[in-house]
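These notes concern the structure reproduced below.
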Amino acid sequence: MSKTPVINVTELKKSFGGRRVVDGLSFEIEKGEVFGLLGHNGAGKSTTIDLMLGLKEPDEGQAKIFEKDAAKNRREVFEKVGVQLQQTQYQSSITVEEACIEYGSLYENSADYNELLSQFGLLQFKKSRVAKLSGGERQKLSVVLALIGNPEIVFLDELTTGLDVVARREVWRTLKDLKARGLTIFLTTHYMEEAQALCDRLFIIKSGREVVSGTVEEVIKKSGKRNLEEAYLYYMGEEELL
Amino acid sequence: MKRFLKMYGVEQKLFFRTPDVIIFNLAMPLVALILISMIAGEKEAAVSGLTYLQSSYVALSTVGICCSAFMSIPISIVEYRSQGVLRRMYCSPCSPARLLACDTIASGVMAVVSTIILTVAAVVFFGYRMEGNFLLYMGGWMLTMLSMFSIGLMVASVCRTTKSMNVATSVLYFPMLLFSGATIPAEIFPKGLRFLADIMPLGVGINLLKSLSRGYYEDIFSKVCVLAVICVICSGISIKTFRWE
């Protein structure tokens, strides 16, 4: 298989008020890959996503999606990139169907939302208000809305944080389906089992710097630990917790 | 265009689902019209040359504008910003400006609906007839709406948090509603309050509309200028200071 990077990040740096939040990150993501960005709270995961999506401007370095700068080529880039951002809320009285119509109207060729809703087991909530959905259902809806433009890459920022085990497993299953369909997925998570279950490649950061990267096996092997959770704690310098 | 209309359609539906909008924008002016007409409809309002019905119809036709401009627009925009809706829209091929445009048009439509209901009630049930040219009146009404909306948009741009926006909308909305003559007829105000009503932006609009409704066009130029200047300045500030995050 020929390797074609769809995302290129080189020497990305960003500071807020003199504090380096993202400190020289570089990575490439290939088409069809599930790439997991891991790190503790405040490690710079969300800022990295913001920089890649052009929501914030990097101090140094660059992030290219399909060889383009998202901030400067928003129309082209976002026709092919779907996002789920942390803490996005919906209009207070909007229904599931209306949210689908509204987000679908942003794209030139939007997907059939009925099909997506049924795929994600949300069809029976079509006329329900988004505010009335459970946490898991709402997160699944945000995946539906990330997919509504028929993207080639999706960004999922802490998609399963705050979900119970059942809801999290459901979301995993849907992500595995997407992966099987050849979608490139960029995700951040706090859950090591999730990273292990979904990701082809991991990229662990601490205080904005890369600590280690590679496949799950590689990351565990380099640490000399038994599993990913222990390896993660080892890389974070929290070995006393083991 | 089709995609724009789809989004607009959803936003418009949301407005019809908001209880405050229904109460303050649609119901309140109608209730006030019914009360004033029943109590003092035929009496002359001070020495304005208008009866209370004539004066109140004009004043109440701006209540929808007032609600949309100083409540709906700033509240929804600031909420969309703090809820991350605008941020999410930024990560799409469209600009968040589209959502803001849909929202502003939807607010405008609510003000129009409010005025249509009021007009039907005034004409059908209370026999209201306008002496002046109705088309000119509509023009003046549109100008008043644009001018007030520009103030609302400016508030939405300048206020960064829901808290500061709440303060700003309360400071604007209630005084404009009560003291500009929109609900309580300015003709019954004491002199000082009357002066305040005359210099409030909405009061300028109401005075313009009163002149137009009587077919009295001599003093309208200065009022049109004031409203137009407000519109240009506030829209300018709103665009300059707007942040989607």
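Chain letters run A, B, ... following the sequence lines, proteins first, then strands; residues in each count from 1. The structure displayed is predicted, hence computed values, not measured ones.
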Which atoms of B:Phe4 approach chain A - backbone, side chain, both or neither, heavy atom under 4.5 Å: neither

Do you know which of B:Glu11, B:Arg88, B:Met89, B:Met7 has the most heavy-atom pairs under 4.5 Å to chain A? B:Arg88

Which of the residues A:Thr88, A:Val83, A:Leu106 is involved in the greatest number of heavy-atom pairs with chain B at under 4.5 angstrom? A:Leu106

Among A:Glu108, A:Gln89, A:Lys80, the residue with the most heavy-atom pairs under 4.5 Å to chain B is A:Gln89

Under a 4.5 Å heavy-atom cutoff, which of A:Leu55, A:Leu53, A:Ile94 has the most pairs with chain B? A:Leu55

Residues 62-79 of chain A vs chain B, non-hydrogen distance cutoff under 4.5 Å, contacting residues -> A:Ala71, A:Arg74, A:Arg75, A:Phe78, A:Glu79

Are A:Ser46 and A:Gln86 linked by a side-chain donor-acceptor pair shorter than 3.5 Å? yes

At a heavy-atom separation under 4.5 Å, does B:Leu99 approach chain A through its side chain, its backbone, both, or neither? side chain

Checked B:Lys2, B:Arg17, B:Arg3 vs chain A; the most non-hydrogen pairs under 4.5 Å come from B:Arg3

Can you sort out the partners of A:Glu97 under side chain to side chain donor-acceptor pair (under 3.5 Å), two or more places apart, ordered by chain and number? A:Tyr113, A:Lys127

When you check the gap from the basic side-chain N to the acidic O, do A:Lys13 and A:Asp59 get nearer than 4.0 Å? no

Excluding sequence neighbours, so at least two apart, what forms side chain to side chain donor-acceptor pair (under 3.5 Å) with B:Tyr8? B:Gln12

Hey, what's the ring geometry for B:Tyr90 with B:Trp244, parallel, tilted or perpendicular (30° and 60° as the breaks)? parallel

Compare every heavy atom of B:Phe126 with every heavy atom of B:Ile34, then report the nearest pair and how far apart it is. CA-CZ, 4.0 Å

Quick one: side chain to side chain contact (heavy atoms under 4.5 Å, CB included) partners of B:Ser170, sequence neighbours excluded? B:Phe174

Rounding to 0.5 Å, atoms CD1 (A:Ile148) and OH (A:Tyr103) come to a distance of 10.5 Å

Identify whether the distance between the nearest side-chain nitrogen and carboxylate oxygen of A:Asp50 and A:Lys14 falls below 4.0 Å. no

With only heavy atoms counted, which part of A:Thr95 is less than 4.5 Å from chain B, the side chain, the backbone, both or neither? both

Contact leader toward chain A among B:Gly84, B:Cys94, B:Ser92, where contacts are heavy-atom pairs under 4.5 Å: B:Ser92

Measure A:Phe155 against the heavy atoms of chain B and call it side chain, backbone, both or neither at under 4.5 Å. neither

For B:Lys13, is it the side chain, the backbone, both, or neither that has a heavy atom closer than 4.5 Å to a heavy atom of chain A? side chain

Between A:Glu194 and A:Arg169, does any side-chain N to carboxylate O distance fall below 4.0 Å? no

Residues A:Glu102, B:Lys6: salt bridge by 4.0 Å N-O rule: no

